[in-house]
Amino acid sequence: MPGRGMAAVLLALMLWLACDLAGWMQPPVSDIFRSTAGEPWSRLTPAQQARLEKLNSTPQMLAASLLLDVNPGAAHALVGDREVDHWMHEVALTGKDSASCQGAPPAAAHHNPQGFYSNQILREDFERITDPRPNLRAAHVPSLVLRGECDFIKPSVTDEYRRTLPDSQLVTVKGAGHAISRGRPRLYTALLRAFLLGRPLPATTA
């Protein structure tokens, strides 16, 4: 409703101004990246944690995060794609190495825009779709489930993939984090090639 949307915009602007004046640093925007499946933010160094808190404490992002649940269009009007995509990219860069094994070389930074609002739409879609697991449990198709040894995703989540896909096998890749193709690219390729060609899988020593 237009009235509700306008009220939300005004409320967000008032809060934005109040936060700017008071220096309040407790935005709920950080919850956007929280997940019950596991998240890497607890692995940040003190310097990375300070950087993340600084990024999350901007009044603009606080206002946008409040508006998202009330009126996404108003959030987009207040904080546009260019600004919010830059924020999301900086957050991703701050946490990129926390998804790897401890002591691994720093991951190369990429400069691809990640589309903040597009990600929010996809997340909402996932919350509305029918649970696919009953149908997947009846699909007898050979499947390969890969998990990095240092993945921040909880092992119970990975195991659910294995239990849901009846003809699957789970392989844990030593020395890899969440992005196996980045941490162990040659082994990752060898595993996929062997699986697709029906050959024995190479040893992963994990």
Side-chain angles (χ1 to χ4, degrees), residues 1-44 47-99 107-136 151-154 157 160-161 164 177-179 181-182:
M1 293 184 297
R4 184 183 181 190
M6 182 59 69
V9 172
L10 291 175
L11 176 62
L13 287 172
M14 291 172 63
L15 183 57
W16 184 349
L17 179 59
C19 292
D20 200 27
L21 293 174
W24 185 43
M25 296 293 191
Q26 297 296 327
V29 69
S30 57
D31 291 340
I32 291 172
F33 291 104
R34 303 297 179 185
S35 171
T36 57
E39 44 86 14
W41 308 114
S42 61
R43 300 179 174 185
L44 297 180
Q48 291 169 335
Q49 187 64 48
R51 171 63 175 161
L52 181 64
E53 291 175 0
K54 182 178 180 180
L55 288 167
N56 286 343
S57 66
T58 63
Q60 297 96 318
M61 287 309 305
L62 172 60
S65 66
L66 292 172
L67 279 172
L68 275 173
D69 290 333
V70 180
N71 189 324
H76 185 261
L78 183 65
V79 184
D81 289 304
R82 185 172 184 176
E83 182 177 2
V84 78
D85 288 354
H86 175 74
W87 169 85
M88 186 175 184
H89 185 62
E90 290 299 316
V91 169
L93 290 179
T94 301
K96 67 180 176 64
D97 294 325
S98 63
H110 70 78
H111 300 286
N112 300 324
Q114 292 158 297
F116 174 82
Y117 289 115
S118 298
N119 274 274
Q120 302 314 304
I121 293 172
L122 290 172
R123 188 176 68 170
E124 291 182 2
D125 286 342
F126 280 124
E127 293 173 354
R128 289 194 295 263
I129 64 174
T130 303
D131 187 347
R133 286 172 293 186
N135 289 332
L136 289 173
D151 198 347
F152 60 81
I153 298 297
K154 296 176 182 178
V157 176
E160 185 174 7
Y161 277 89
T164 299
H178 185 62
S181 59
R182 183 178 67 199

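Only heavy atoms go into these numbers, but all of them, side chains included; no hydrogens, no water, no symmetry mates.
Residues V79 and Q60 approach most closely at CG2-O, 3.5 Å, considering heavy atoms. L78 approaches A63 most closely through the heavy-atom pair CD2-CB, 3.5 Å. Residue G95 comes nearest to W41 through the heavy atom pair CA-CZ3, 3.8 Å, listed as atom of the first residue, atom of the second, then distance. What you find for P40 and A99 is that their closest heavy atoms are CB-N, 4.5 Å. Nearest approach of L52 to L44, heavy atoms of both residues: CD2-CD1, 3.7 Å.
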Exercise for the section: Applying side chain to side chain contact (heavy atoms under 4.5 Å, CB included), run through H110 and L93 and close with a yes or a no. Expected result: CA-CA 8 Å; H110 70 78; L93 290 179; 5.9 Å; no
Practice task
Show the numbers, then the answer: is there a side chain to side chain contact (heavy atoms under 4.5 Å, CB included) between V84 and M61?
Solution key: CA-CA 8 Å; V84 78; M61 287 309 305; 3.8 Å; yes
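Note: H89 and H111 have tilted aromatic rings, judged against thresholds of 30 and 60 degrees for the angle between ring planes.
Going from atom NZ of K154 over to atom CD of E39 covers 9.0 Å, rounded to the nearest 0.5 Å. To the nearest 0.5 Å, atoms CG (N56) and OG1 (T94) are separated by 9.0 Å. Atom OG of S118 and atom CG of D81 lie 7.0 Å apart (nearest 0.5 Å).
In this structure a side-chain-to-backbone donor-acceptor pair under 3.5 Å is missing from D151 to G177. For W87 (side chain) and L55 (main-chain N/O), a donor-acceptor pair under 3.5 Å exists by modelled atom type. Side-chain atoms of T164 never come within 3.5 Å of backbone atoms of Y161 as a donor-acceptor pair (strictly under, hydrogens ignored). Side chain of K96 to backbone of A109: no donor-acceptor contact under 3.5 angstrom is found.
Side chains of L68 and Y117 form a contact here, defined as non-hydrogen atoms less than 4.5 Å apart. For the pair L67 and H76, the minimum side-chain heavy-atom distance is 4.5 Å or more.
Remark: R43 pairs with no residue by the side chain to side chain donor-acceptor pair (under 3.5 Å) rule, at least two apart or across chains.
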